[in-house]
> 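Sharing a structure with you now.
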Amino acid sequence: MSAPRLSRLVAPAVVLLVLFGLWELVVRAGWVDELLLPAPTQVAQALWEDRSLLAPDLWTTTTEVVLGLAASLVLGVGLAVAMHLVPAVDRALRPLAIGSQAVPIPVVAPLFVLVLGFGLAPKILIIALLCFFPIVVNLSDGLRKSDPDARKLLRSLDASPWQRLRFLDGPSALPAGFSGLKIAAAVAVIGAVLAEWAGSESGLGHILVTANGQLETARAFAATALLIAEAIALYAFFAWLERRVVTWEPKA
Amino acid sequence: MVTEVEAPVLEPSYVNGVALTGVRKTFGDVVALDGVDLRIGADELVAVVGPSGCGKSTLLELVCGLTEADAGSVAAPPAALMPQRDGLLPWLSALDNAALALRVAGTSRAAARAAAHEHFAAFGLDGFEHARPAALSGGMRQRVAFIRTLLAGRPLLCLDEPFASLDALTRAQAQTWLGEALAREPRTVLLVTHDVEEAVLLADRIVLLSPRPGRVVLELAVELPRPRVRTDAAVVALRERALSALGVTE
């Protein structure tokens, strides 16, 4: 890593250290109950000591998140492209897509579990339900915002709708699509937890429920730390992928 | 394209040319063009000059079949449009941008690239085949866009203020290469510009449009030998005549 990139990490590291230091101080001084808020060192200790307990749950949740994101990507891209190519589809489905985001997951999650069981299927469905939305909205906006001059040009060349999508609208919507995907990455982790709360036998959301019940607060925080790390890792992966794919400079 | 069934019978020389008769186009309450007549013969270069907002771009869209006239008739062969700002796609290389019209027409990638590459040397673009538009100068971008327009293989080229965004020196060079290219490959050209001098240097005939609503104020035949020099007395005189017809006095 080059020196400038390393120096960019200094500021967030200092902020984190100060925050953790204050947090540690507050707990050690006895200003809050350790059962409500364990100190960072206790969370770190739980992460290490419960690692054989947490690892399979991390694996379960990661599987759900990755499959859920893949499903939302297929659904989101398919829907955005259909809405772009056929205005009637846009008019018909946009209110439904927006409405789907107002449905509280705790209301529908038990229903999904009842119908689909305790396995992977209801988790993927819930994550996809939450994550397709930022992908659809960002991508369909991106598809509409291609360069008007280039659009005119392709029309004058009698390009088919599919050619317009392939040569112009699709590539020009990629940065917006990646923005949606990065938002979805953060939301997917929450979706997995909500899905696991509704009924599951393993996963980080499952461990949150059981650890809270057993007053193992440090373990619950350790699971939360893993969820945060997972969201950041997914975000970083999509940001990296975007840099690899979108190699051109945005038009001045 | 004919927008009216009883289109006027065209004089023979306009069969591969353009004939606009009494064309009117409105956008809501705004009359963009009102009773415009325009003829362009085969292999003729006609420059349409007028102030901003006189409906020049609308005229091009009508000729390219991108929009329909409210009244009057438009007869034109298939046209290739070169939009005002080059319309190059930032994710494609110069070569792939130049080959775009062929790709859209269904030519394979390799064949389209080969056809585009044949023009690169003549336009001074050798060595820039794989550069993205952002890495090209303004003048080079216009040349890539012009190759793309040529390769559309249409009898009529519609150039929408192609050099308006260039600095004066680059524009002078661009006018030179455009003149040379058309000498090599004659086409029917409709050049829309707000630059009277550019029109005098390049066109066979100049059509002056009034401010909105656009009407033809004057037609000037430019019967001067090529290549023309901007300091030549006849060029200067014609430029002054056009400017005064547009109400500009120096």
Side-chain angles (χ1 to χ4, degrees), chain A residues 73 76-77 80-81 84-87 135 138-182 238-252, chain B residues 1 57-58 60-67 76 78-94 96-97 99-107 109 112 130-136 138 141 144-146 148-149 151-154 156-162 164-165 190:
Chain A
L73 190 62
V77 172
V81 168
H84 180 65
L85 291 179
V86 188
I135 298 175
N138 281 283
L139 197 57
S140 68
D141 283 355
L143 286 168
R144 269 186 308 197
K145 282 183 184 145
S146 52
D147 175 29
D149 262 357
R151 252 193 331 243
K152 217 180 193 183
L153 171 79
L154 282 176
R155 270 179 63 209
S156 80
L157 293 172
D158 301 319
S160 67
W162 177 247
Q163 284 177 324
R164 291 206 286 256
L165 182 71
R166 181 181 159 207
F167 288 117
L168 176 61
D169 298 336
S172 101
L174 275 175
F178 272 108
S179 296
L181 204 50
K182 285 188 282 188
F238 289 130
W240 170 84
L241 195 64
E242 182 179 10
R243 283 196 300 275
R244 294 298 303 270
V245 173
V246 185
T247 52
W248 58 89
E249 290 169 44
K251 202 161 186 176
Chain B
M1 190 199 67
S57 292
T58 308
L60 277 184
E61 288 182 11
L62 284 163
V63 171
C64 289
L66 296 176
T67 183
L81 175 70
M82 179 165 163
Q84 208 165 61
R85 282 163 299 113
D86 49 57
L88 296 182
L89 304 179
W91 44 87
L92 294 184
S93 67
D96 283 330
N97 264 299
L100 183 69
L102 289 171
R103 295 296 310 283
V104 170
T107 312
R109 183 189 297 240
H130 302 293
R132 293 247 171 89
L136 299 176
R141 294 166 62 116
V144 174
F146 186 73
R148 180 193 60 203
T149 315
L151 286 174
R154 311 270 171 101
L156 174 65
L157 306 185
C158 287
L159 314 180
D160 189 0
E161 306 207 12
S165 61
L190 172 55

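Order of the sequence lines fixes the chain letters, A, B, ..., with proteins taken first and strands second; residue numbering starts at 1 for each chain.
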> Under 4.5 Å from any heavy atom of chain A, what part of B:Ala135 do you find: side chain, backbone, both or neither?
neither
> With a 4.5 angstrom heavy-atom cut-off, is it the side chain or the backbone of A:Ser146 that approaches chain B, or both, or neither?
neither
> Please classify the contact between A:Arg166 and chain B as side chain, backbone, both or neither, with a heavy-atom cut-off of under 4.5 Å.
side chain
> Quick one: does any side-chain atom of B:Trp91 pair with a main-chain N or O of A:Leu168 as donor and acceptor, under 3.5 Å?
no
> Could you look at B:Asp96 and say if it's the side chain, the backbone, both or neither that has a heavy atom under 4.5 Å from chain A?
neither
> Spell out, as yes or no, whether a donor-acceptor pair under 3.5 Å connects the side chain of A:Arg155 to the backbone of B:Leu66.
yes
> Hey, what do you get for CG (A:Asp147) to CG (B:Asp86), rounding to the nearest 0.5 Å?
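The CG atom of B:Asp86 is 8.0 Å from CG of A:Asp147, to the nearest 0.5 Å.
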> Can you give me the closest heavy-atom contact between A:Leu154 and B:Val104, atom names plus distance?
CD2-CG2, 3.8 Å
> What distance separates B:Arg148 CZ from A:Leu153 CG, expressed to the nearest 0.5 Å?
4.0 Å
> Enter the distance from A:Gln163:CD to B:Arg103:CZ here, rounded to the nearest 0.5 Å.
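It is 9.0 Å, given to the nearest 0.5 Å.
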> Looking only at non-hydrogen atoms, find the nearest pair between B:Gly87 and A:Ala150 and report the distance.
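It is O-CB, 3.9 Å.
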> Regarding A:Ser156 and B:Arg154, do their side chains bring together a donor and an acceptor under 3.5 Å, going by distance alone?
no
> Below 4.5 Å from any heavy atom of chain B, which atoms of A:Ser160 appear? Answer side chain, backbone, both or neither.
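Contact with chain B involves no heavy atom of A:Ser160 at all.
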